[in-house]
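Whatever order the structure lists ligands and atoms in, that order sets their numbers, starting from 1. Numbers here simply count residues along the sequence, with the first being 1.
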Amino acid sequence: MDALWMVLLLVVPALLLTSSTFVFYFKKCFYVGYMMILGIVAMPLCILKSGGRDIENMRIIRNLVRHVKYFLGLRFEVSGWEHLQTEGPYVIISNHQSSLDVLGMMEVLPDRCSMIAKKELIYAGTVGMVCWLGGIVFINRKKTSDAKSVMADAAKTMQDEKIRLWVFPEGTRNQKGDLLPFKKGAFHLAVQAQAPIIPIVFSSYRSFYLTKEKEFKSGSITLKILPKIETKGLTTDDVATLTDQAYDIMRSAFLEMSGPAPLLSNGPSKH
Ligand SMILES: CCCCCCCCCCCCCCC(=O)SCCNC(=O)CCNC(=O)[C@H](O)C(C)(C)COP(=O)(O)OP(=O)(O)OC[C@H]1O[C@@H](n2cnc3c(N)ncnc32)[C@H](O)[C@@H]1OP(=O)(O)O
Ligand SMILES: CCCCCCCC/C=C\CCCCCCCC(=O)OC[C@@H](O)COP(=O)(O)O
């Protein structure tokens, strides 16, 4: 009987820990569960600091989230810090591979910067509530006219309240090894606010995080902050060119940092 318990208590966990599928699900569940717990901690702190929804709450969120990378075995290397030394409002754009991107965002998130997110995120329990408290702008991706009007309001707020917004121009998570064509919302936003765009490129996660293969190892992520793209004087007519310009710059940086894309059946096209 004792031997059976020995097997159950030592061998089974040892086997589980060497199973990459088990580690994958364990780390993912830990990430979601721990972020939910951090959400419980963040809520009262945000309410006490600002009394409700306020972009200043992002400082609390940033400070609370920054240590999570250690539990997941992730390291971030950031280059181009000087490009974030820009006064006033701007739009940050970055590629989007996974919800793990939140950890990288919190490494470099400037003051008075919130995000544009899909409206479904507000229902993600305590994380959703904290997103609301942090001033995240929620858009309905299925209704372009609604999303456009929310983003037009956001452009005005950026100017009036000197805030920055982070947008994922791919519009969805993507781990195909190349950037998806960019949606135009981020570029309309920057032109409407007459604010520069600061591109940030996350290197590929494929050396440590593979969703199909159920692998989640320790790994290192490079974040490259690129020089700002000015939009002063640009109008709606310039948005398509601006989108192409940002896409080309970010795609080159992504491929340079991450190696060439794996062969896809349909190669990337711009729009
Ligand atoms: C303590 C624990 C707590 C932790 C909390 C941590 C917080 C972390 C939060 C992290 C948040 C991360 C969230 C990530 C996401 O949710 S990504 C998904 C949501 N984001 C986006 O979708 C942004 C990118 N999408 C766009 O910008 C789209 O353009 C959109 C506005 C949504 C419209 O969609 P769609 O119609 O599909 O796009 P098109 O680009 O093809 O546009 C169609 C035509 O409309 C014109 N357009 C677009 N936007 C605008 C605009 N703002 N103003 C005017 N016109 C606009 C566009 O030009 C197209 O017309 P033409 O073809 O040019 O004629
Ligand atoms: C319906 C709820 C939305 C799912 C969120 C699940 C709960 C997550 C809880 C903890 C994780 C902590 C970080 C949360 C931030 C997640 C942001 C994110 O990555 O959203 C996905 C969105 O960019 C694109 O969605 P799609 O790929 O188009 O789908």
note = Within the 4.0 Å heavy-atom cut-off, what V239 brings close to ligand 1 is neither
Heavy atom of protein inside 4.0 Å of atom 45 (O) of ligand 1, strictly below = yes
ask   = Can you find an N/O atom of R141 closer than 3.5 Å to an N/O atom of ligand 2?
value = yes
ask   = Looking at atom 28 (C) of ligand 1, what's its closest protein heavy atom, distance included?
value = K183 CB, 3.5 Å
ask   = At under 4.0 Å between heavy atoms, which part of A240 makes contact with ligand 1: side chain, backbone, both or neither?
value = neither
remark   = Quick look: Y31 vs ligand 2, heavy-atom contacts under 4.0 Å, and the answer is side chain
key: Heavy atom of L64, distance to ligand 1 below 4.0 Å   = no
query = Under a 4.0 Å heavy-atom limit, does T172 contact ligand 2 with its side chain, its backbone, both, or neither?
reply = both
ask   = Taking non-hydrogen atoms only, is H96 closer than 4.0 angstrom to ligand 1 via side chain, backbone, both or neither?
value = side chain
note = The closest protein heavy-atom partner of atom 2 (C) of ligand 1 is M35 O, 3.7 Å
ask   = Looking only at protein heavy atoms, which one is nearest to atom 58 (O) of ligand 1, and how far off is it?
value = H188 NE2, 2.7 Å
query = Which residues pass the ring-ring contact (aromatic ring centres under 6.0 Å, His included) test with F26, sequence neighbours left out?
reply = F22
request  = For ligand 1, note which part of T236 has a heavy atom under 4.0 Å away: side chain, backbone, both or neither.
outcome  = neither
key: Distance filter under 4.0 Å to K118 heavy atoms, resulting ligand 1 atoms   = 15 (C), 16 (O), 19 (C)
message = Regarding ligand 1, does R141 bring an N or O atom to under 3.5 Å of one of the ligand's N or O atoms?
response = no
Proximity flag Q192 to ligand 1, non-hydrogen atoms under 4.0 Å = yes
ask   = What part of R173, side chain from CB on, backbone N/CA/C/O, both or neither, has a heavy atom under 4.0 Å from ligand 2?
value = both
ask   = Is there a protein heavy atom at a distance of less than 4.0 Å from atom 54 (C) of ligand 1?
value = yes
task = Could you tell me whether ligand 1 has any atom less than 4.0 Å away from a heavy atom of L189?
result = no
inquiry  = Please classify the I139 to ligand 1 contact at 4.0 Å (heavy-atom distances, strictly less than): side chain, backbone, both or neither.
reply    = side chain
note = Between K184 and the options L189, L242, V239, the side chain to side chain contact (heavy atoms under 4.5 Å, CB included) test singles out V239
message = Same cluster or not: L210 versus F30, using hydrophobic residues (I, L, V, M, F, W, Y) connected whenever any side-chain heavy atoms lie under 4.5 Å apart?
response = no
inquiry  = Just to be sure I read this right, does ligand 2 sit under 4.0 Å from the backbone of K119, its side chain, both, or neither, counting only heavy atoms?
reply    = neither
query = Between the side chains of K27 and Y209, is a donor N or O closer than 3.5 angstrom to an acceptor N or O?
reply = no
remark   = In this structure, atom 6 (C) of ligand 2 is nearest to the protein heavy atom A124 CB, 4.2 Å
